[in-house]
Amino acid sequence: MSDMQIPFVAKVVVHMGVGEAGERLVNAENIMADLTKGAKPIRSYARNTLPAFGIRKGQPIGCKATLRGKKAMDFLEMALKTYAVENVLHTRQFDVTGNFGFGIEEHTDFPGQAYDPKIGIYGMDIIAVIEKKGTRTARRKIQQKKLNSKLRMSREESMKFVTETFGIEVE
């Protein structure tokens, strides 16, 4: 396998949906900054008005942080140990292009996090993007090219990468 065909974790996106602005959103941002070792969370806003949930269009309802490089690998290892108690991910958690995602119900499951009755419990979604070197040629602005089939990440390659790199079994 050439150097260009070796997969790597391009980025990890951590998302917390709170559903409302105010103190709960600020608490979620603080928890996320703590868990991601200083990555600054960005607020996500409602796209539509949902009167049943009391949400208006443009209202901040969550936060997310994108991690790359060593921070992404470290966070993903810690999150997989927290999520995959039996070291198992399911094939339905992987998409066609090799990305995978999972949810963690309580932030208190992470090491170093304790339950605080004033703050409450927050869950999060974690999405990992796995690519091969050279994939950027399909996204860049200048001299954009079609992606070579050898550089395209498949679901099976991604599952194999996760199994070998993190020691997680995929069923």
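Bear in mind the structure is a predicted one, so any value in this text is a computation, not a measurement. Position 1 is the first residue of the sequence, and the numbers go up from there.
Within the 4.5 Å cutoff, no side-chain heavy atoms of Phe94 are placed close to those of Asn99. Contact check for His15 versus Ser44: side-chain heavy atoms found under the 4.5 Å cut-off. For the pair Val12/Val129, no side-chain contact is recorded, criterion being any heavy-atom separation below 4.5 Å from C-beta on. Contact of the Arg24 side chain with the Val18 side chain is registered, since non-hydrogen atoms from C-beta on lie closer than 4.5 Å. Met153 places a side-chain heavy atom less than 4.5 Å from the side chain of Ile130. Looking only at side-chain heavy atoms (C-beta outward), Lys37 and Phe75 stay at 4.5 Å or farther from each other. Annotation: side chain of Val14 is not in contact with side chain of Leu35 (no heavy-atom distance under 4.5 Å).
Within 6.0 Å of the OH atom in Tyr115, the count of heavy atoms belonging to other residues, nucleotides or ligands exceeds 12. Around the CZ atom of Arg47, the shell of radius 6.0 Å holds no more than 12 heavy atoms that belong to other residues, nucleotides or ligands. Heavy atoms of other residues, nucleotides or ligands lying less than 6.0 angstrom from CD of Glu23 number 12 at most.
One finds the CZ atom of Phe100 at 11.0 Å from the CE atom of Met159 (value rounded to the nearest 0.5 Å). In this structure, CD in Glu29 is found 10.0 Å from OH in Tyr122, a value given to the nearest 0.5 Å. To the nearest 0.5 Å, the span separating CD1 on Ile55 from CG on Asn48 amounts to 10.0 Å. One distance of note links CD of Glu169 with OG1 of Thr163; it measures 8.0 Å at 0.5 Å rounding. For the atom pair Lys57 NZ and Tyr45 OH, the distance stands at 14.5 Å (nearest 0.5 Å). Taken to the nearest 0.5 Å, the CD1 atom of Ile104 stands 9.5 Å off from the CE atom of Met16.
A donor-acceptor distance shorter than 3.5 angstrom exists from the side chain of Thr36 to the backbone of Met32, with no hydrogens or angles considered. Between the side chain of Ser158 and the backbone N or O of Gly98, at least one donor-acceptor pair lies under 3.5 Å. Gln144 places no side-chain N or O within donor-acceptor distance of the main-chain N or O of Lys141, the cut-off being under 3.5 Å. Remark: side-chain polar atoms of Arg140 are not paired, donor with acceptor, to backbone N or O of Lys145 under 3.5 angstrom. Counting only distance, with no hydrogens or angles, the side chain of Gln93 and the backbone of His90 share a donor-acceptor pair below 3.5 Å. When atom types are taken as modelled, the side chain of Arg43 and the backbone of Pro60 share no donor-acceptor pair closer than 3.5 angstrom. Here the side chain of Lys81 pairs no donor or acceptor atom with the backbone of Leu76 at under 3.5 angstrom.
Lys132 and Phe8 make their closest contact through C-CE2, 3.6 Å (heavy atoms, listed as atom of the first residue, atom of the second, distance). Nearest approach of Gly54 to Gln59, heavy atoms of both residues: O-OE1, 3.7 Å. The heavy-atom pair separating Ile121 from Glu106 by the smallest distance is CG2-CG, 3.4 Å.
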Q: Could you walk me through whether Arg152 and Glu157 pass the salt bridge (Lys or Arg N to Asp or Glu O under 4.0 Å) test, one step at a time?
A: CA-CA 10 Å; Arg152 229 176 249 128; Glu157 288 175 314; over 6 Å; no

Q: In sequence, state the C-alpha distance, the side-chain angles, and the governing distance for Leu80 and Leu89, and then conclude on side chain to side chain contact (heavy atoms under 4.5 Å, CB included).
A: CA-CA 9 Å; Leu80 282 170; Leu89 284 175; 4.0 Å; yes

Q: Kindly determine whether Val9 and Phe161 satisfy side chain to side chain contact (heavy atoms under 4.5 Å, CB included), including the steps that lead there.
A: CA-CA 10 Å; Val9 177; Phe161 172 75; 3.8 Å; yes

